Amino acid sequence: HVQLVESGGGSVQAGGSLRLSCTTSGDTYCMAWFRQVPGKEREGVATRISDELSDGATSYADSVKGRFTISKDNGMNTLYLQMNSLKPEDSAMYYCAATYYSGACAGEILINDFGYWGQGTQVTVSS
């Protein structure tokens, strides 16, 4: 059983930056960040496959490409999401997720591919 704990959310003005952290209790094949606003489905933001499987390859939703960067400090067992050039539409609850299914990091980021979730951290971007 893997436990995930997010931190780093907060409020920022448009154009600003935030870095989210997700501490994990174990190694998995694929980790991701999702986000959700009230009344909408949870959407995948970025994924990172383990170094052992594919040298830490990453993927991003089109809406965040070029602005967000997912990374992992294996020594600290921590996944990060660096968010730059934030927009009001980036406001959401952000969740860290993990899975032993390596295919979750290939192609579309699907919520059903992930079995482990953190509690979420709120990000609010004001205009």
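Since we're looking at a predicted model, the values are computed, not measured.
Note on residues 107-117: no pairs pass side chain to side chain donor-acceptor pair (under 3.5 Å), not counting sequence neighbours. Residue pairs meeting the ring pair (Phe, Tyr, Trp, His ring centres under 6.0 Å) criterion with at least one partner in residues 50-93, sequence neighbours excluded, do not occur; the list is empty. Every pair passing disulfide (SG to SG under 2.5 Å) that includes a residue from residues 26-88 is listed here, sequence neighbours excluded: Cys30-Cys105. Screening residues 82-100 for side chain to side chain donor-acceptor pair (under 3.5 Å) gives Ser17-Asn84, Arg35-Asp90, Arg35-Tyr94, Arg67-Asp90, Gln82-Asn84 as the qualifying pairs, with residues at least two apart or on separate chains.
Minimum heavy-atom separation, Met31 to Cys22: CE-SG, 4.3 Å. Closest non-hydrogen pair, Ala98 versus Thr28, comes out as CB-OG1, 3.6 Å.
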Donor-acceptor pairs under 3.5 Å, side chain of residues 120-127 to any protein atom, not counting sequence neighbours: which ones?
residue : atom : partner : partner atom : Å
Thr121  : OG1  : Gly9    : N            : 3.1
Gln122  : NE2  : Ala92   : O            : 3.3

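Rounding to the nearest 0.5 Å gives a distance of 5.0 Å between CG of Leu4 and OG1 of Thr24. Distance check: Thr58 OG1 to Ile70 CD1 gives 7.5 Å after rounding to the nearest 0.5 Å. Atom CG of residue Leu81 and atom CG of residue Leu18 lie 9.5 Å apart, to the nearest 0.5 angstrom.
Between the Thr78 side chain and the Met76 main chain, a donor and an acceptor come within less than 3.5 Å of each other.
Under the side chain to side chain donor-acceptor pair (under 3.5 Å) criterion, Lys65 pairs with Asp62, sequence neighbours left out.
Between Asp51 and Asn74, the closest side-chain pair of non-hydrogen atoms falls below 4.5 Å.
Put simply, Val64 and Leu20 are part of the same group of oily side chains (I, L, V, M, F, W, Y) that touch within less than 4.5 Å, one to the next. A single hydrophobic cluster is seen to contain both Tyr29 and Val2, as judged by linkage of ILVMFWY side chains at heavy-atom distances under 4.5 Å, directly or through other members. Criterion: ILVMFWY side-chain heavy atoms under 4.5 Å apart, direct or through other members. Under it, Ile49 and Leu79 are part of a common hydrophobic cluster. One hydrophobic cluster holds both Val12 and Met83 under the rule that ILVMFWY side chains link at heavy-atom gaps under 4.5 Å.
Within a 6.0 Å sphere centred on CD of Gln119, heavy atoms belonging to other residues, nucleotides or ligands number more than 12.
For Phe114 and Phe34, the ring centers are positioned less than 6.0 Å apart.
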